[in-house]
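Working notes, structure below.
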Amino acid sequence: MSVAPATEGSARRSAAAAAAEEEERQRNRKRSNRLSAQRSRMKKQQYVDGLAVEAEQLRRENDAMRAGAGAVLQRCRLVEQENRVLAAHARELCSALQLRASQLRLLGEVAGVPLDVPDVADHLVQLYGGDLGMTPLSPPPLLPPLPPQIEMLYFQPDSVMDPVSMLQGYENI
């Protein structure tokens with residue numbers, strides 16, 4: 001009978017030691033889990049902070065791009081406006097060129113002097129339309145003044161003129 005109490009005592013001690021060991025293992029596991037969770041939270045916080053920095057940088061880049069795009073659009077509008085003005089001027093010049101060529105041909109016919117007046121290039125007429133779509137009732141476009149020799153034809157149509165002397169000053173035009 002004395003053997004049984006010793007086994008019982010040692011069994012209680014080994015059960016207590018096993019319980020203490022299990023408790024120690026649980027504490028170690030909890031500590032390890034806490035540390036792991038803390039590392040995970042820190043890693044996640046670093047990731048979120050990195051995303052916030054990247055988002056702010058992208059916002060600044062977007063703002064800069066919007067400002068740049070606005071400047072480019074403004075410049076584009078100015079260039080388009082300038083192109084419209086230049087195209088209108090080119091149409092006026094083409095129309096004036098056609099008118100002057102017509103006047104020179106008429107002058108040559110009236111004066112009896114053969115004038116070699118080239119036609120306005122087809123590509124210019126196609127690009128700029130030449131006559132500006134004038135109707136017979138619309139006023140002619142503003143043109144530079146005619147040389148005095150040609151202007152005389154308009155104001156003195158019935159007078160007798162010397163065609164050679166009239167065309168001598170015209171060569172410089």
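Everything quoted here is computed from the prediction, not taken from an experiment. Quick note: numbers below take in every heavy atom, side chains included, and nothing from hydrogens, waters or symmetry partners.
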Name the atoms and distances for all side-chain donor-acceptor pairs under 3.5 Å in residues 52-61, with sequence neighbours left out.
unit_1: Glu56; atom_1: OE1; unit_2: Arg59; atom_2: NH1; d: 2.8
unit_1: Gln57; atom_1: NE2; unit_2: Glu61; atom_2: OE2; d: 3.4

List for me each residue that meets side-chain hydrogen bond (donor to acceptor under 3.5 Å, both in side chains) alongside [X], sequence neighbours excluded, and say none if there are none.
| X | value |
| --- | --- |
| Asn28 | Arg31 |
| Arg27 | Glu24 |
| Asp49 | Gln45 |

Just jot down the salt bridge (charged side-chain N to carboxylate O under 4.0 Å, His left out) partners of Arg25, sequence neighbours excluded, or say none.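 In terms of salt bridge (charged side-chain N to carboxylate O under 4.0 Å, His left out), with neighbours along the sequence ignored, Arg25 is linked to Glu22.
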What residues form a salt bridge (charged side-chain N to carboxylate O under 4.0 Å, His left out) with Asp63, not counting sequence neighbours?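 Checked Asp63 against salt bridge (charged side-chain N to carboxylate O under 4.0 Å, His left out); matches are Arg66.
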Which ILVMFWY residues can you reach from Leu51 by hopping between side chains whose heavy atoms are under 4.5 Å apart?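 Members alongside Leu51: Tyr47.
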Would a 4.5 Å heavy-atom cut-off, applied to side chains only, mark Gln98 and Val125 as touching?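 In contact.
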Residue pair Asn33 / Arg29, side-chain heavy-atom distance below 4.5 Å: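 Sidechains of Arg29 and Asn33: in contact.
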Output the distance between atom SG (Cys76) and atom CG (Asn83), rounded to the nearest 0.5 Å.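 Answer for the SG-CG pair, Cys76 versus Asn83, is 9.0 Å.
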Measure the spacing between OG of Ser40 and CD of Gln38 and express it to the nearest 0.5 Å.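 So the gap between those two atoms works out to 10.5 Å.
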Specify the closest pair of heavy atoms between Ala101 and Pro118, including all atoms of both residues, with the distance to one decimal.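 Here Ala101 and Pro118 meet closest at CB-O, 4.4 Å.
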Closest approach of Val120 to Cys94 (non-hydrogen atoms, all atoms of both residues):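 Between these two residues, the closest heavy atoms are CG1-SG, 4.1 Å.
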I need the full list of side chain to side chain donor-acceptor pair (under 3.5 Å) pairs touching residues 107-124, with sequence neighbours left out, sorted by first then second residue.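 Sorted result for residues 107-124: Arg105-Asp119.
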According to a 4.5 Å side-chain heavy-atom criterion applied to Ile, Leu, Val, Met, Phe, Trp and Tyr, with indirect links allowed, do Leu127 and Leu93 form part of one hydrophobic cluster?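 Different clusters: Leu127 never reaches Leu93 through Ile, Leu, Val, Met, Phe, Trp or Tyr contacts under 4.5 Å.
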Would a hydrophobic clustering, with Ile, Leu, Val, Met, Phe, Trp and Tyr connected at side-chain separations under 4.5 Å, put Leu97 with Tyr128?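 Yes; Tyr128 is reachable from Leu97 via cluster members.
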Quick one, Arg41 with Lys44, criterion side-chain contact (heavy atoms from CB on, under 4.5 Å). Give me CA distance, side-chain angles, the key distance, then yes/no. CA-CA 5 Å; Arg41 284 191 297 271; Lys44 183 177 179 181; 5.6 Å; no
For Leu78, give me all partners under side-chain contact (heavy atoms from CB on, under 4.5 Å), at least two apart in sequence or on another chain.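 Once residues adjacent in sequence are excluded, the partners of Leu78 under the side-chain contact (heavy atoms from CB on, under 4.5 Å) criterion are Gln74, Arg75, Gln81.
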